Colleague: 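Handing you a structure now.
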Protein chains: 2
Amino acid sequence: MAAPLAFHFDFISPYGYFASLTVEELAARHGRQVDWRPMLLGVAVMKVMGLKPLLDTPLKGDYMRRDVLRHARRHGLQLGRDLNASPGNPLAPARAFYWVKQHHPHLQAQMAHALFHAFWVQARDLSTPEAVAAIALPAGLSAAEVAHGAASDEAATLLRNAVAAAIGAGIFGSPTIVVDGEPFWGADRLHEVDEWLSCGGW
Amino acid sequence: MAAPLAFHFDFISPYGYFASLTVEELAARHGRQVDWRPMLLGVAVMKVMGLKPLLDTPLKGDYMRRDVLRHARRHGLQLGRDLNASPGNPLAPARAFYWVKQHHPHLQAQMAHALFHAFWVQARDLSTPEAVAAIALPAGLSAAEVAHGAASDEAATLLRNAVAAAIGAGIFGSPTIVVDGEPFWGADRLHEVDEWLSCGGW
């Protein structure tokens with residue numbers, strides 16, 4: 001079986017959310033699965049890069065707000081979240097995700113979708129383990145175990161290692177899809193991933 | 001007649017070069033012309049944004065080098081220029097361009113293509129008015145007038161005003177195509193410009 005597509009993203013990245021809605025269909029067309037790998041853009045990656053958050057970057061921040069809403073309109077997506085609102089602390093959802101991935105690997109995609117939906121469509125706060133546990137969880141997960149998992153040292157270590165591995169692999173943006181070692185950055189590059197998978201690269 | 005597409009770019013931007021190769025065909029499909037508007041990313045725009053050059057940005061610089069070469073391979077483009085080589089001072093080609101646009105407006109597209117080709121395919125140095133005048137110029141332009149124009153106060157003022165206007169309009173990346181007031185950033189967004197022109201926006 002061919003290797004899964006490594007899907008790197010940040011839950012608080014709107015472009016990561018957009019890509020999350022179609023990445024599995026893209027992978028399935030080529031007989032691939034998706035390995036979901038959340039990371040922490042603002043807390044970790046941007047510091048390595050020496051950049052400030054996109055929305056706080058002059059000119060680019062305004063464009064990004066416009067582009068995100070334009071993409072949502074084009075694809076009929078309802079973004080409940082105000083882009084100017086603080087995203088809150090991104091550690092809890094990412095830790096909860098890695099805990100679920102570790103202990104219920106078959107639920108990783110459902111957990112990622114549940115977190116994205118809670119954050120971007122429902123505009124829920126996900127800043128604490130309790131807030132994460134209160135979202136509509138995939139069947140088979142209890143709020144108690146998610147709250148416990150998100151607050152665990154194990155989850156903190158899993159996330160820390162995942163972020164370090166992503167940075168070590170050169171990942172700097174959300175989403176980035178790595179196909180057999182070849183990275184593609186940007187929600188607008190999924191068609192290129194599709195082409196790469198179709199022809200085996202160039 | 002519908003307004004031209006405003007095509008903002010930097011001559012030293014590889015993505016600007018890529019887009020320059022197809023923007024006229026895109027515009028023509030919709031009965032539009034192209035208004036060529038070079039700007040100065042490194043010298044002016046990035047300072048407003050508080051960013052360092054892309055190629056000097058950790059992680060992103062490495063990705064960009066890879067992505068540019070991948071795009072060139074995919075489209076059969078020969079990039080003579082080493083991406084790691086200094087681009088040199090970008091003032092002379094941009095000033096020469098605006099001088100030609102002012103005095104021979106019907107030659108603006110040919111002049112833009114000539115400069116892009118000299119820089120990206122032939123890897124010529126364009127750091128001085130004389131170097132710019134020594135490229136293969138469009139028929140109807142003499143090397144002497146281009147050298148004179150590129151060194152003129154008039155060209156310096158035209159460029160300064162164009163860069164200020166671009167920044168004032170929120171332009172921060174190369175290429176950015178503005179269609180009837182709607183900006184699209186990135187060589188990978190030309191298909192979105194195409195769609196916007198086809199349906200009149202959304």
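Model, not experiment: these values are computed from the prediction. Worth knowing before you read on, the calculation uses all heavy atoms, side chains too, and leaves out hydrogens, waters and symmetry mates. First the proteins, then the strands, lettered A, B, ... as listed; each starts at 1.
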Colleague: Quick check on the structure: residues of residues 177-186 of chain A within a heavy-atom distance below 4.5 Å of chain B, by number.
Modeller: A/G181, A/E182, A/P183, A/F184, A/W185

Colleague: With a 6.0 Å cut-off (strictly less than), is the heavy-atom count around CD of A/E154, excluding the residue itself, greater than 12?
Modeller: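 Buried by this count: over 12 neighbours within 6.0 Å.
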
Colleague: For A/D82, I'd like to know if atom CG has over 12 heavy atoms of other residues, nucleotides or ligands within 6.0 Å.
Modeller: yes

Colleague: With chain A, which of B/D62, B/V48, B/L59 has the greatest number of heavy-atom pairs at distances under 4.5 Å?
Modeller: B/L59

Colleague: Counting heavy atoms not belonging to B/E195, are there more than 12 under 6.0 Å from its CD?
Modeller: yes

Colleague: Quick check on the interface: out of B/D188, B/T176, B/I171, who has the most heavy-atom pairs with chain A under 4.5 Å?
Modeller: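 So the answer, after comparing B/D188, B/T176, B/I171, is B/D188.
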
Colleague: I need the residue from B/E192, B/R189, B/R73, B/R70 with the largest number of non-hydrogen atom pairs under 4.5 Å to chain A.
Modeller: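 Top count of heavy-atom pairs under 4.5 Å with chain A: B/R70.
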
Colleague: A/I167 versus chain B, heavy atoms under 4.5 Å apart: side chain, backbone, both or neither?
Modeller: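 For A/I167, heavy atoms of backbone and side chain both lie under 4.5 Å from chain B.
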
